[in-house]
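The structure under discussion appears below in the form of structure tokens.
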Amino acid sequence: MSSLAIDVRDVKKTYGSGATAVPALRGVDFRVSTGEFVMLSGPSGSGKTTLLSILGCVLTASSGHVSLLGEDISRAKEKDLPRLRRSYIGFVFQTHNLIASLTAQENIGLLLTMRGFSHRSAATEATRLLHEVGLSDKVETKPGDLSGGQRQRVAIARAIAGSPPIILADEPTAALDAENGAKVTELLRTLAKEQGHTVVVVTHDNRIFHIADRIVHIEDGLIQENQS
Amino acid sequence: MISPSSHPVNRTAGLLTRFRTMASVGLRMMFHSKLKLMGTLLGVVFAVVLSNQQLGTFLGLIYKNMMFIRNSNTDVWIIPKSTEVVGPGKLSISAHYQALTTPGVEDAQPVLIGGANVLLPTGGSQQVTLVGTQFPKYVGGPWNIVAGSREALSLPDTLIFEDSERELLGGLNLGSVREVNGRRMTVGGFTWGLIPFGPSYAFADYEVARELLKTPRDEVALVLVKLKPGANAAAVKMELATRVPDAKVFDRRDFEASILKFIFTKTAIGITFGTSTLFGLIVGFVIVSLSMFSSVVDNIREFGTLKAVGVTNWDLTMLLFVQSVAYGLLGSLVGLALVSQMAKGIRSAKLALNLPPWLTLATVLTMILMCVFASSLALMRLRKVEPAMVFR
């Protein structure tokens with residue numbers, strides 16, 4: 001049996017306090033094995049992005065237990081969160097969120113240097129990753145000169161730069177047409193199936209549900225359904 | 001198939017690598033938004049131009065007050081107690097004799113200074129500051145001579161005038177004759193740029209000046225003292241002060257400091273120029289501050305992304321720091337180039353921007369500091385950026 005990459009137990013998250021408090025997660029239990037490709041679906045405001053934010057160490061839970069690859073992050077201090085993000089997480093955002101002033105190679109290289117690569121090896125590795133996602137000819141191209149699909153592929157290359165064990169993707173196909181959406185999803189599945197990355201994708205896009213190992217439905221801050 | 005990185009995430013970059021990375025990203029961001037770059041640089045350039053124009057003019061005026069001291073090749077000055085700057089004054093001739101007999105003194109020369117009227121051929125008159133110095137050394141005599149020679153002062157009734165005032169003095173040429181304080185004098189030479197705060201300097205032989213200024217034989221304006229090589233300047237100064245108690249005894253540094261003190265405390269010049277300089281710096285600070293803040297706001301999503309992928313507040317502080325230093329350096333470069341062209345354009349004998357190397361260096365450092373402080377507002381905003389914003 002695969003080991004647990006993500007272990008979430010009875011996690012609650014409330015925004016605000018007192019009369020204006022809004023519960024976003026109301027006791028979520030969620031486990032993902034290493035190398036699993038999981039999709040998280042649910043209506044707007046259901047709490048899926050909040051859960052993804054907690055898993056991505058950009059938000060802390062109000063209560064409950066969260067561990068990534070056995071490291072308890074529930075009690076991590078604010079100052080430790082950037083290190084946890086660098087160590088464990090690769091992000092793919094709904095909008096690519098690339099740095100407009102940097103080339104495709106530099107966007108990836110930036111992450112690699114922050115993850116301990118030398119500048120030279122970061123450049124080499126970034127070029128290799130761009131080749132892997134089919135963008136060998138876009139190494140020196142800035143995001144503004146790339147198509148939506150190409151930007152998202154650069155974003156995926158950035159997410160896997162340095163091989164973080166967990167890839168979190170927030171609506172990665174939302175801004176793409178069907179063809180590019182399929183390519184991006186296939187790329188994410190490849191990461192899980194062929195490289196052993198644990199991939200969690202938040203999506204509304206039912207066209208891509210069929211390629212997930214598991215679909216987790218969340219509603220009103222609670223996990224409603226677990227479909228394999 | 002995508003193959004994994006050969007270097008899985010298990011460590012974090014060192015401080016130097018992170019600094020280099022942030023510096024590179026900061027500079028790329030800075031040059032990416034050309035309009036913001038121009039706006040921020042405009043603030044720095046404005047501060048550089050205004051502060052240097054004001055300080056340069058101020059230093060130029062200071063130099064006018066000190067040029068006599070700096071060009072008289074003298075070690076010690078004996079001046080009347082009431083005298084604040086180089087100018088007319090009354091000192092007993094005994095100060096000259098006392099200086100000559102003081103141990104450690106090689107030579108002492110009396111100098112006369114006073115206002116004189118030059119009668120113009122077209123009627124009317126112009127004032128000059130007449131300086132009388134003694135033959136044959138003419139210590140305290142003319143410098144920057146552009147026509148004629150200092151030795152011309154030994155000719156009967158001869159004066160050396162300021163070249164840039166030739167037209168003002170009725171079209172003077174070598175050999176021209178003018179009535180000065182009622183006596184016909186011949187032009188024996190011209191100097192350039194010797195215009196103090198008041199009317200321009202004109203030079204005469206000591207005796208000629210004494211007669212023109214109607215100064216009694218027992219009076220001088222100041223005494224210039226040259227020390228023997230190896231003499232203890234402090235001891236000689238002390239001895240002179242004892243011997244001439246009704247005078248001030250200064251070396252060059254004392255005299256210049258005294259003039260500076262006078263200008264700062266007894267005139268409004270310091271405040272006037274200081275206020276304008278401060279105004280330039282404040283306006284520059286505000287422009288840079290707002291530009292950098294607005295730049296952060298414009299790129300807030302990019303900064304949020306950087307935070308989300310593990311960049312720390314320290315890293316972003318470094319990013320802004322590098323940008324600030326770059327803005328300060330670039331703005332200084334452009335501003336100083338403009339000021340230098342401006343100085344060339346307005347340079348004249350009457351007004352010259354004095355831009356010494358230390359002012360250039362101080363400008364660059366001040367601008368960097370200004371930009372670093374101006375980035376505080378942007379930094380405060382940056383530190384508040386929530387990485388979770390990237391999911392919204």
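Since this is a predicted model, take the numbers as computed values, not measurements.
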Per-residue contact mode, A/His119 against chain B (heavy atom under 4.5 angstrom): side chain
Near B/Phe279 CZ, under 6.0 Å, is it more than 12 heavy atoms from other residues, nucleotides or ligands? no
Hey, what do you get for CE (A/Met114) to CZ (B/Arg18), rounding to the nearest 0.5 Å? 5.0 Å
For B/Val309, does its backbone N or O pair with a side-chain atom of A/Arg85 as donor and acceptor, under 3.5 Å? no
Output the option from B/Met30, B/Met389, B/Arg301 having the highest count of non-hydrogen pairs under 4.5 Å with chain A. B/Arg301
Specify the closest pair of heavy atoms between B/Ala308 and A/Phe93, including all atoms of both residues, with the distance to one decimal. CB-CZ, 4.2 Å
Under a 4.5 Å heavy-atom cut-off, does chain B meet the side chain of A/Glu171, its backbone, both or neither? neither
A/Thr95 versus chain B, the contacting section by heavy-atom distance below 4.5 Å: side chain
Crowded around B/Phe58 CZ? As in, over 12 foreign heavy atoms under 6.0 Å? yes
Crowded around A/His131 NE2? As in, over 12 foreign heavy atoms under 6.0 Å? no
Does B/Glu302 reach the main-chain N or O of A/Asn97 with its side chain, forming a donor-acceptor pair under 3.5 Å? no
Please determine whether the number of non-hydrogen atoms from other residues, nucleotides or ligands lying under 6.0 Å from atom CZ of B/Arg347 exceeds 12. no
Rounded to the nearest 0.5 Å, what separates atom OG1 in B/Thr305 from atom CG in A/Leu110? 10.5 Å
Which portion of A/Leu98 sits near chain B, non-hydrogen atoms under 4.5 angstrom: backbone
For the atom pair NE2 (B/His32) and CD1 (A/Ile99), what is the distance rounded to the nearest 0.5 Å? 10.5 Å
State the CG-OG1 distance between A/Leu81 and B/Thr312, to the nearest 0.5 angstrom. 12.0 Å
Residue part contacting chain B, namely of A/Lys142, when any heavy atom lies under 4.5 Å: side chain
Taking side chain as everything from C-beta outward and backbone as N, CA, C, O, which of these in B/Asp315 sits under 4.5 Å from a heavy atom of chain A? Side chain, backbone, both or neither. side chain
Among A/Cys57, A/Ala100, A/Gly56, which has the most heavy-atom pairs under 4.5 Å with chain B? A/Ala100
